[in-house]
Amino acid sequence: MCGIVGIVGTTNVNQSLYDALTVLQHRGQDAAGIVTFENERFFLRKDNGLVKDVFRTRHMRRLVGNVGIGHVRYPTAGTSSSAEAQPFYVNSPYGITLAHNGNLTNTEELANDVFRSDLRHINTNSDSEVLLNVFAHELQKKGKLNPTSEDVFDAVRTVHRRSRGAYAAIAMITGYGIVGFRDPNGIRPACFGVRETPEGREYMIASESVALASQGFELIRDIAPGEAVYIETDGSLYTQQCAESPKLNPCIFEHVYFARPDSIIDNISVYKSRLRMGEALAGKIKRDMPDHDIDVVIPIPDTSRTSALPLAYDLGVKFREGLIKNRYIGRTFIMPGQTMRKRSVRQKLNPIELEFQGKNVLLVDDSIVRGTTCQEIVQMVRDAGARKVYFASAAPPVRYPNVYGIDMPAAKELIAHGRTEKEVEELIGADWLIYQDLDDLVACAREGNEAISEFDCSVFNGHYPTGDVTEEYLTRLEEERSEAKKNERNKELTADSDVIDIHNDE
Ligand SMILES: O=P(O)(O)OC[C@H]1O[C@H](OP(=O)(O)OP(=O)(O)O)[C@H](O)[C@@H]1O
Ligand SMILES: NC(=O)CC[C@H](N)C(=O)O
Ligand SMILES: [Mg+2]
């Protein structure tokens, strides 16, 4: 789940881009990048690492210009190499750079077409580089020295026709402007907003509204599924629907885990949908265990805290922060390897023993995916002296792979895949495990926007809204991106770390 941002400003945009990326850091911790342009030249800096580590003062000084885009990466395709950090660049036409959140499901076919028919070279295994080349090719076909908004929209229209899967993207056309677009199912989020300054009006496009708010931009609205928003360097803004039959199927996992609670996505407050998840879960607990003996409700920081509070309140049970999070450790789920994830859970969370000793504890998490967190924590809490350990998940069992920008490519790596809830309960060592029902989860998110008829709930129900995900595709994905395969590839990378970045400020 990457984070993307783009700004057309009236003064240098480097600092605002940097600050917006730090606010979107929760969407990707692996790599970061910014590209700006001034006087027909662009300036690019990208590398592996957190925003604060990738950009040094010397880079910031060189990232000049009133227009730019940025990216924080959580890889779901290719490798973790710095050469696959974003934004990507192609020199023709105009010099275009692109930042992408999501994952294409027809990368292989598309890459083939890009090479054989469009006569373009792809230098990495990243689907985002393919997406950029498709867009660039379609814009080049127009053959214009000065592209108009209509040319840009036509190019996006063809991108929609050729690409499958999930993509929220921002492309910067050097010298002309930036264009943000969202796939025809609106799976990944993207919104845009405006800021008035003494020098004039400025626009920002971003993955989440919190990036806008933090930089003083006022949210205008979400980009609609299939729509493109084009902002020229002089601040003229154009929007157009570029898909033939768009429908809004936003990823429900944004509400469960990915997005920050202070963001509004597709008119839904993420915070409110998480509060509702806690209430719905309390309702289920009261139904299933009316005579429960829970002494205390304890969230597993960070994401579950919003749901755990109303859950405790509705149960009439004490809410306590019994697990303290090390504020210098990031999100473990989006770390690249299982060994690192496991180690980090222990380093990240530490119990306050007096909250557990002799008590029946209900631990609350937003979701259980691989089971890394809950297995460690249940044991930790027992060691801290808990009498009984109950576990509640604000999301239903995750049983199916994700193909739209969350790195869960292999069903067999998911703890609930092919297992009953009882079996998961035993495996994690809990005395009782309760999962949210899918209907309840959907209702919690949908209450914020009744116009959404279907969320992308594929990780819970195996239904992929783009309609193109076959068993063969899933088998291939599992073979290519399983944990073992990724380890192998990363070893190769370390052994042979000569992947050369082009046009990148070192
Ligand atoms: O079952 P798992 O594979 O462990 O995945 C689920 C866990 O991972 C996430 O936490 P994470 O540490 O990434 O972030 P957070 O601090 O936002 O909760 C999520 O909130 C769950 O706690
Ligand atoms: N999580 C994402 O959005 C990833 C974007 C892109 N597929 C990459 O791997 O870089
Ligand atoms: Mg968590």
Side-chain angles (χ1 to χ4, degrees), residues 1-4 24-31 33 46 71-81 83-88 98-105 107 124-132 165-169 183 187-190 207 251 253-254 256-261 274 299-308 323 325-327 329-336 338 341-342 344-345 347-349 363-378 391 393-395 397-398 402-409 413-416 424 427-428 459 481 483:
M1 197 61 39
C2 303
I4 57 173
L24 294 175
Q25 188 80 79
H26 61 284
R27 300 184 68 83
Q29 303 168 166
D30 255 45
K46 59 176 183 173
H71 189 265
V72 281
R73 182 174 191 227
Y74 158 58
T76 59
T79 66
S80 301
S81 151
E84 288 177 20
Q86 302 193 32
F88 274 105
L98 177 132
H100 165 220
N101 170 209
N103 200 65
L104 300 184
T105 49
T107 312
T124 69
N125 292 313
S126 165
D127 58 330
S128 313
E129 192 186 4
V130 178
L131 182 69
L132 166 60
Y167 48 95
D183 67 71
I187 295 175
R188 302 267 65 98
S207 295
C251 172
F253 216 69
E254 292 281 349
V256 171
Y257 167 71
F258 268 108
R260 265 178 55 150
R274 285 187 193 154
I300 299 181
D302 227 1
T303 302
S304 68
R305 292 162 71 184
T306 317
S307 302
L323 291 163
K325 177 180 166 299
N326 178 340
R327 66 177 76 220
I329 305 253
R331 294 185 119 181
T332 52
F333 175 73
I334 59 172
M335 286 175 180
Q338 189 57 13
R341 284 192 285 261
K342 244 180 126 147
S344 301
V345 171
Q347 284 175 347
K348 175 169 167 168
L349 298 167
L363 296 174
V364 182
D365 210 345
D366 52 85
S367 57
I368 300 173
V369 184
R370 299 182 182 89
T372 323
T373 311
C374 55
Q375 280 177 313
E376 290 286 334
I377 298 303
V378 168
F391 202 101
S393 161
V398 173
N402 185 284
V403 299
Y404 299 132
I406 308 177
D407 194 30
M408 309 180 194
E413 288 165 13
L414 307 169
I415 194 168
V424 179
L427 202 59
I428 70 170
V459 298
R481 289 199 58 80
E483 196 67 26

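Counting convention: from 1, in listed order, for ligands and their atoms alike. Only a predicted model underlies this, so the values are computations on that prediction, with no experimental measurement involved.
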- Task: Look at atom 7 (C) of ligand 1 and find which of Thr373, Leu414, Ile415 reaches it with the closest heavy atom.
- Result: Thr373

Nearest heavy-atom neighbours spanning [X] and [Y]:
{"X": "Thr332", "Y": "Ser344", "result": "CG2-CB, 3.5 Å"}
{"X": "Arg274", "Y": "Ala259", "result": "NH2-O, 2.8 Å"}
{"X": "Cys374", "Y": "Ile428", "result": "SG-CG2, 3.6 Å"}
{"X": "Val345", "Y": "Glu376", "result": "CG1-CB, 3.7 Å"}
{"X": "Ala395", "Y": "Val256", "result": "CB-CG1, 3.8 Å"}

Number the atoms of ligand 2 from 1 as they appear, then name those within less than 4.0 Å of a heavy atom of [X], with their elements.
{"X": "Asn103", "answer": "7 (N)"}
{"X": "Pro75", "answer": "9 (O)"}
{"X": "His100", "answer": "5 (C)"}
{"X": "Asn101", "answer": "2 (C), 3 (O)"}

Rounded to the nearest 0.5 Å, what's the gap from [atom1] on [X] to [atom2] on [Y]? Could you check?
{"X": "Thr306", "Y": "Asp366", "atom1": "OG1", "atom2": "CG", "result": "9.0 Å"}
{"X": "Ser80", "Y": "Arg73", "atom1": "OG", "atom2": "CZ", "result": "6.5 Å"}
{"X": "Ile377", "Y": "Phe391", "atom1": "CD1", "atom2": "CZ", "result": "8.0 Å"}
{"X": "Phe88", "Y": "Leu98", "atom1": "CZ", "atom2": "CG", "result": "9.0 Å"}
{"X": "Met335", "Y": "Arg341", "atom1": "CE", "atom2": "CZ", "result": "9.5 Å"}
{"X": "His100", "Y": "Ser126", "atom1": "NE2", "atom2": "OG", "result": "8.0 Å"}

Nearest protein heavy atom to [atom], by residue and atom, and its distance?
{"atom": "atom 6 (C) of ligand 1", "result": "Ser367 O, 3.5 Å"}
{"atom": "atom 13 (O) of ligand 1", "result": "Tyr257 OH, 2.6 Å"}
{"atom": "atom 2 (C) of ligand 2", "result": "Cys2 SG, 2.8 Å"}
{"atom": "atom 1 (N) of ligand 2", "result": "Met1 N, 2.6 Å"}
{"atom": "atom 17 (O) of ligand 1", "result": "Thr303 OG1, 2.5 Å"}
{"atom": "atom 5 (O) of ligand 1", "result": "Phe333 CD1, 3.6 Å"}
{"atom": "atom 5 (C) of ligand 2", "result": "Gly102 O, 3.2 Å"}
{"atom": "atom 21 (C) of ligand 1", "result": "Asp365 OD2, 3.3 Å"}

[X] heavy atoms, cut-off 4.0 Å: which ligand 1 atoms fall inside?
{"X": "Gly371", "result": "1 (O), 2 (P), 3 (O)"}
{"X": "Thr372", "result": "1 (O), 2 (P), 3 (O), 4 (O)"}
{"X": "Thr332", "result": "11 (P), 12 (O), 13 (O)"}
{"X": "Ile368", "result": "1 (O)"}
{"X": "Lys348", "result": "11 (P), 12 (O), 14 (O), 15 (P), 16 (O)"}
{"X": "Arg370", "result": "1 (O), 2 (P), 3 (O)"}

Flag the pair [X] / [Y] as yes when at least one side-chain heavy-atom distance between them is below 4.5 Å, and no otherwise.
{"X": "Glu254", "Y": "Arg188", "value": "yes"}
{"X": "Leu363", "Y": "Leu323", "value": "yes"}
{"X": "Ile334", "Y": "Asp407", "value": "no"}
{"X": "His26", "Y": "Arg260", "value": "yes"}
{"X": "Val369", "Y": "Tyr257", "value": "no"}

- Region of Asp302 engaging ligand 1 - heavy atom pairs below 4.0 Å: both

- Query: Side chain or backbone of Asp366 under 4.0 Å from ligand 1, or both, or neither, by non-hydrogen atoms?
  - Reply: side chain

For the 3.5 Å polar cut-off, considering only N or O atoms, please tell me whether [X] and ligand 2 meet it.
{"X": "Glu84", "result": "no"}
{"X": "Thr76", "result": "yes"}
{"X": "Gly405", "result": "yes"}

- With a cut-off of under 6.0 Å to the ring centre and 45° to the axis, is Arg331 in cation-pi contact with Tyr74? no

- Is there a heavy atom in His26 that sits closer than 4.0 Å to ligand 1? no

- Would you say Ile300 contacts ligand 1, with heavy atoms under 4.0 Å as the rule? no

What part of [X] sits under 4.0 Å from ligand 2 if we count only heavy atoms: the side chain, the backbone, both or neither?
{"X": "Gln86", "value": "side chain"}
{"X": "Asp127", "value": "side chain"}
{"X": "Arg73", "value": "side chain"}

- Please say whether more than 12 non-hydrogen atoms of neighbouring residues, nucleotides or ligands are located less than 6.0 Å from NZ in Lys325. yes

- Task: Give yes or no for whether the N/O distance cutoff of 3.5 Å, strictly under, is met between Ile334 and ligand 1.
- Result: no

- Query: Could a heavy atom of Gly78 be found less than 4.0 Å from some atom of ligand 2?
  - Reply: no

